[in-house]
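First comes the structure, then the notes that go with it.
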Amino acid sequence: MGGNNNPWFSLEFLRDPGQRQAFIHSTMEHIELTAVSVALGFILAFALALMVRRYPRFEGLIVGAADTIYSVPSIALFSLLLPFTGLSMVGPIIGLVLYTQLILVRAILDGLRSVPASAVEAAEGLGYGGVRRLLTVEMPLALPTIFGGARVATVSTVGQVIAAFALSHGGLGETLTVGYSNNLYKQEVVDAVVGIIVIALAFDVLILVIGKLVTRWNRIGRGATS
Amino acid sequence: MSWLSYLLDWSNWTGPSGILVLLAQHLEYTGAALGATIAIGLPLGIVLGHLHRGEALVLGLVGIGRAVPAFGIVVLFAVSEWGVNLATLTITLVLFALPQVLTNTYLGIAEASAGAVEAAAGMGMTGWQIIRRIEIPLGLPLIASGVRSAAVQIIATATIAAYAGAGGLGLLVFRGYDTNMPKYQVAGAVLVVVLALLAQALLAKVQQMVTPVGLRKGHRRMAGSANV
Amino acid sequence: MTFAEGHIAAGGAGEPGQQPAISLRDVRKQYGTGSFAVDGITLDIHRGELVCFVGPSGCGKTTTLKMINRLIEPTSGTILVDGTNVTLQRRVDLRRSIGYVIQQIGLFPHESVRANVSAVPRLLGWSRHKQRERADEMLRLVGLDPDRFGSRYPGELSGGQQQRVGVARALAADPPVLLMDEPFSALDPIARGKLQKEFIRIQCDLHKTIVMVTHDIDEAILMADRIAIFRDAAKLEQYDSPAAILSNPATSFVREFVGTERSAQSLGRATLGPDDLGRPLEVVVSGGLERASGADRHAGEDPVPSTVDLDEVVMALGADGRVVGWSTRDHVGGTGDLRGRIRPLESTVPIGSTLSDAMSRILDGDCPLLAVVQPDTQRYIGVLTLPLLHAAFRRSVAALRQPGRGSDDAVAHSYAKDVTVVGRQ
């Protein structure tokens, strides 16, 4: 163990075309899985948030369920899904989508609640219908909060993807576990961890920038509640 | 429901690698990590919040904290000469949970009613008196909610200890995965979830108790909710 | 003590030789190396006086206020409170000796009303019993029943009630000096009006030295003994009584600042009524004007006092009901010839004149009294002094606050009563 042939950080193994290909492939897979899960998670969360708005009595149930799921260890959840979904991406995606719900549902609800009643009332007075009011008045005003939640959800998903893939082989999670089982090969572990952090920060900055662009009217103050 | 009969069989709880031992390990890891997180996060958050300093740092830490892959760090420790033990596991979990506690503490203190703080300074309270008598009581609900969600996350995340052979309730999960026997995974997951929910309920009670009467529901001013 | 007396005392506090309660000497505040927020202000505030700092936002009035209790540290200059340099005291000791009321009220939401009020006594280490007693006394003073409100939490009170508690809290340790930063401006107009008047009542009893920052010239006219009008970087445009500022604005800035306020303008049109007058003892002089005016040369040798106590004044009237002159009781003691003891009173003003006109008459003459007469017959009705005129201004402001209802509040009535009582003696 240790020694010169097992350095902490080196891009040496990436020189090998096959390994490089594998690393890039893992990285792309990681990004893809994160993006798909968050996107699906957002759609589900939005639907749930609208449901809570219409039927407020479901709020306790939905938020409580999301809270409980969030406390299920990811390794356990993913490994439990394996028998049903096999080694495909379906299992991890289901798990990741479920994990995003707590943060996203809350962020969307908080965002919609932060819309000043006066704006909603004014829109009503101007004759905006329910859907139009939601899309053109409430959503834009709720966006800073929602984007704050999206950042948090995405960054945590990047981390959760490791656990998902550590078991079903793929993404940087595989690089990590392969490094671990391969005689504790440090390079791969370090590269995988660094890669994950870089992906997470890149997503964070990306969503931050998009959020700023989309909510340019909101220059005053900090905007998102994050 | 073989997992249920597994859990209900007392003989599985005892013995050198029985559930009780795993539970004790799990509690040891989470207790140490939560204790260290509070010991670092609370004083730091209180001081920074009182001085209104380092807000960018504190809020930036949350982003980085969330980006830290606990699983990756544990594997990193596993391949290092230190290995995975109570100390390195605590470091991993603190890295993961500290931002939560630090941010909530910072915001709880820094955003304690500005009027009350100015009035307190204006009537001649010392900095320490302002912290102790105004900012901490007003910030407590938010601080407690930070500790609560940190605790839940630490309990869930401590399962990764077993990946590197350090035991805890995660051992059941990995045993099920390795042997392809889902009853272990379910049993492990159920135990962790129950533990997390118990901690959640307990800390929610604590949060309620530390919320000053004047800030409780039914009074006009409400403490911020807990989703930071 | 009544309002009018209190006011005369306050007005008379400007006598030289008496140490001012608060004294600012060339005080400056500079942030970093930027421009000055306060650029060399010098001003004195007398004991028992309520001074309002008024000016547009950003004029440095709040900065100046907060330098007095060192919530903001002055860059240079000297601030004396009770003759002691504030920078030589421990900050917390200084602040515990000065009451502080702010716009956001800033009650401690996690403490009961009673605990809020006894905050400073607790800091000062009073006994629990004494704290509680004092808190209840203060709550009663601001019109809150301690049994009903003492154990409530601030969140259960209305804005007006909260600021009453804020005032009670500031007064609890009986500080001689009170600083108030826009204390009433966050309240709704009705609560604000009520609180302003009650605060005047409290001040008449307590005679604190008060500095109040406000952007509301109406409020300043209503409450202040003197108004300091600030312009950029705390440049003092005028520092004088409300009446003087209304009738004689020192600069075009003051004129504009006062004039842009609609009610201040209509205040300029407010007129003198019988209720505004003082009615000192009257003596009918048999001789007539020539003799009296011939006599005044003797009396004129004594310097004319700048202020008078209406209890001591004796008005000398002719048989026709016109004013001959005035004197004081010690001059006309016993019986005998009054001649030689009567001062002339040449400046008169007809009833129904505007307050501004009356003001300039008083300021023009060198007599502290003005006789108010019937416009046609010139018959004497009563007298006007600066404090009485000042009270008249305040009543007009109060009446303007509630159009159509007149001065229906108990406080305004009590002023009128007080004034009359003093005048009739």
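Computed from a predicted model, the values in this text were never measured in an experiment. Chain naming here is simple, since letters A, B, ... match the order of the sequence lines and numbering starts at 1 in each.
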Of all the residues in residues 120-134 of chain B, which have a heavy atom that comes within less than 4.5 Å of a heavy atom in chain C? B/Ala120, B/Ala121, B/Gly122, B/Met123, B/Gly124, B/Met125, B/Thr126, B/Gln129, B/Arg133, B/Ile134

Among the options B/Gly115, B/Pro137, B/Pro212, pick out the one with the most heavy-atom pairs lying under 4.5 Å from chain C. B/Gly115

Against chain B, label C/Leu107 side chain, backbone, both or neither, depending on which of its atoms sit under 4.5 Å from a heavy atom there. backbone

Do B/Glu118 and C/Lys66 come close enough that some side-chain heavy atom pair is under 4.5 Å? yes

How would you list, in number order, the residues of residues 69-80 of chain C that have a heavy atom less than 4.5 Å from chain B? C/Asn69, C/Leu71

Given a strict heavy-atom distance threshold of 4.5 Å, which part of C/Leu179 is in contact with chain B: side chain, backbone, both, or neither? neither

So which residue, C/Glu111, C/His110, C/Gln103, C/Arg91, ends up with the most heavy-atom pairs under 4.5 Å with chain B? C/His110

Atom of B/Ala116, atom of C/Pro109 and distance for their closest heavy-atom approach: CB-CD, 4.4 Å

